[in-house]
There are 2 protein chains.
Amino acid sequence: MLIKSSETIENIKRIFTKEEFPAKTLLVKENEISQNIYYVESGAARVWLNHDGKEITIQFLFEGGFIASIESIISNEKSWYTIETIEPVTVYSISTNSFKQKMEQFPHVREFYYQYIQQSLLAYQKRMVSQIKNTPEERYKELLKEFPEIIKRVPQHYIASYLGITSVSLSRIRNRK
Amino acid sequence: MLIKSSETIENIKRIFTKEEFPAKTLLVKENEISQNIYYVESGAARVWLNHDGKEITIQFLFEGGFIASIESIISNEKSWYTIETIEPVTVYSISTNSFKQKMEQFPHVREFYYQYIQQSLLAYQKRMVSQIKNTPEERYKELLKEFPEIIKRVPQHYIASYLGITSVSLSRIRNRK
DNA sequence: GTGATTAATTAACAATTGTTATCGTCAACA
DNA sequence: TGTTGACGATAACAATTGTTAATTAATCAC
């Protein structure tokens with residue numbers, strides 16, 4: 001989810017701490033409780049998890065997004081996935097505990113958080129429905145239409161697993177007709 | 001999401017209105033703004049949408065669940081789907097507007113709503129990941145293990161589209177030793 | 001209960017995807 | 001510069017799913 005309001009961004013920057021990381025940094029690790037939340041100012045990251053020894057990429061994050069294990073925030077669970085930078089990033093970070101304190105203290109932080117959660121819910125629901133009703137080829141075309149940015153910036157084999165197919169199959173889809 | 005706290009259920013019953021509907025009643029209609037929220041006391045419903053003339057079932061709802069177009073509540077959009085009872089149901093209903101007023105008035109209603117949204121988010125995320133990383137056969141086995149209730153109570157062709165496959169394919173999977 | 005409708009199984013075939021392996025390209029790096 | 005490793009394209013074949021149609025089973029309505 002992208003943050004539109006520059007006022008909100010300024011507020012975030014005030015309470016978060018600026019940090020930089022090179023590509024291939026693990027900011028969240030699968031099976032560990034995630035201690036931090038990052039607002040991405042520049043760069044890109046991918047969310048992935050291990051499945052039978054294979055890395056399954058389930059999401060991409062760019063400027064304006066947040067890097068966090070949402071299940072760690074919501075219910076203190078260990079993260080279901082790893083979040084790894086795929087480009088050098090500049091982020092603003094805060095510890096999950098501090099963030100929860102800010103939520104208690106400031107209604108506008110709480111409000112912002114719940115707006116974010118609601119928008120994320122709609123996004124996940126939409127993507128789940130797309131997985132159910134569309135073929136891999138249709139999902140690729142949808143991605144091309146709605147998020148061409150992703151296809152430009154991200155290696156193809158990550159996109160393949162994001163779509164739920166192999167890189168071989170994605171290569172075929174791209175070269176069909 | 002099931003509601004565990006009986007105190008919460010009692011509160012819901014106080015501000016909602018009891019109603020009964022036969023099977024095959026449309027409680028929410030695709031492309032219409034949903035005006036009501038229903039708490040299911042007994043019975044079952046399915047969430048479906050039209051895709052190239054075919055009905056795609058994306059979710060099931062049972063006792064303890066809520067029937068609502070979450071996108072209508074969150075952003076006043078027209079519903080992406082239809083919600084239809086598949087068994088006679090007893091529900092407690094409230095208009096979306098009244099519910100929003102109650103949220104403003106009563107912190108515990110607001111709190112309950114956000115807890116519900118957060119749990120739903122995790123559930124959608126989990127299901128999206130399952131669609132990406134598992135084969136149809138694996139998804140069927142997962143459903144059998146985690147929600148055997150669904151398989152017992154729901155016609156098979158609805159389950160097939162819930163899993164993102166045809167009813168023919170599900171029949172084959174079930175009879176595959 | 002009986003006929004009509006809907007649901008589930010099965011078969012045959014087409015289309016798609018997965019798997020494994022090879023090859024060419026490119027970028028990183030010593 | 002040369003080597004290594006990562007990435008993407010392609011080929012061959014296996015496995016799975018989709019499609020259509022026919023048959024049986026179950027359910028619904030009167």
Side-chain angles (χ1 to χ4, degrees), chain A residues 21-26 44-46 48 50-57 60 82 84-88 130-144 148 150-177, chain B residues 21-26 43-46 48 50-57 60 82 84-89 130-144 148 150-177:
Chain A
F21 298 101
K24 307 210 175 189
T25 305
L26 307 185
R46 72 182 176 109
W48 63 268
N50 206 293
H51 182 68
D52 298 339
K54 272 172 269 178
E55 286 183 12
I56 310 285
T57 297
F60 301 106
T82 296
E84 180 178 356
T85 59
I86 52 182
E87 296 174 8
S130 173
Q131 285 285 337
I132 290 176
K133 74 177 193 186
N134 293 326
T135 63
E137 183 164 357
E138 286 165 342
R139 294 202 293 274
Y140 176 72
K141 283 177 179 163
E142 189 178 63
L143 187 66
L144 201 58
I150 292 181
I151 289 167
K152 280 182 210 135
R153 271 171 89 171
V154 172
Q156 199 168 304
H157 62 292
Y158 293 157
I159 293 174
S161 76
Y162 176 88
L163 294 172
I165 57 177
T166 62
S167 59
V168 175
S169 188
L170 178 56
S171 177
R172 282 188 293 231
I173 287 168
R174 282 164 49 87
N175 294 309
R176 213 175 268 166
K177 190 167 66 335
Chain B
F21 297 101
K24 306 210 175 188
T25 306
L26 306 185
R46 71 183 177 110
W48 62 269
N50 207 293
H51 181 68
D52 299 339
K54 271 172 271 179
E55 286 184 10
I56 310 285
T57 297
F60 302 106
T82 295
E84 180 179 354
T85 59
I86 52 182
E87 296 173 8
V89 294
S130 173
Q131 285 286 336
I132 291 176
K133 75 176 191 186
N134 292 327
T135 63
E137 182 165 356
E138 286 165 342
R139 293 201 294 275
Y140 176 73
K141 284 177 178 164
E142 188 177 63
L143 187 66
L144 201 58
I150 293 181
I151 288 167
K152 280 182 211 135
R153 271 172 88 172
V154 172
Q156 201 167 302
H157 62 293
Y158 293 157
I159 293 174
S161 77
Y162 175 89
L163 294 173
I165 57 177
T166 62
S167 59
V168 175
S169 188
L170 178 55
S171 177
R172 281 189 293 230
I173 286 169
R174 280 164 50 85
N175 295 309
R176 209 179 271 165
K177 195 172 43 326

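Values below: every heavy atom of this structure, side chains too, minus hydrogens, waters and symmetry copies. Note on naming: letters A, B, ... go to the chains in the order of the sequence lines (proteins, then strands), and numbering restarts at 1 for each one.
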Regarding S169(A), tell me which of base, sugar-phosphate or nothing describes its non-hydrogen contacts under 4.0 Å with the strands shown.
sugar-phosphate
Of the nucleotides [options], which has the atom closest to the [X] side chain?
X	options	value
T166(B)	dG18(D), dT16(D), dT17(C)	dG18(D)
S171(A)	dT19(C), dT10(D), dT9(C)	dT10(D)
N175(B)	dT17(C), dT10(C), dG18(D)	dT10(C)

5' priority, DNA chain C, between R172(B) and P155(B) [closest heavy atom]:
P155(B)
Specify the residue among V168(A) and P136(A) whose closest nucleotide of DNA chain C lies further upstream toward the 5′ end.
P136(A)
In whole angstroms, how far is the [atom2] atom of [N] from the [atom1] atom of [X]?
X	N	atom1	atom2	answer
E138(B)	dT17(D)	CD	P	10 Å
I86(B)	dA7(C)	CD1	P	12 Å
E137(B)	dG18(C)	CD	P	15 Å
I165(B)	dA15(D)	CD1	C1'	15 Å
L163(B)	dT17(D)	CG	P	11 Å
L170(A)	dT19(C)	CG	P	15 Å
I173(A)	dG8(D)	CD1	P	15 Å
I159(A)	dG8(D)	CD1	C1'	12 Å

Main-chain N/O of P22(B) paired with T85(B) side-chain donor or acceptor, under 3.5 Å:
yes
Donor-acceptor under 3.5 Å (S161(A) side chain, T57(A) main chain)
yes
Should [X] be listed as having a side-chain N or O under 4.0 Å from OP1 or OP2 of [N]?
X	N	result
Q156(A)	dA9(D)	yes
R176(B)	dT17(D)	yes
H157(B)	dA8(C)	yes

Close side-chain approach of [X] to [Y], heavy-atom, < 4.5 Å:
X	Y	result
L143(B)	Y162(B)	yes
I173(A)	I165(A)	yes
H51(B)	N134(A)	yes

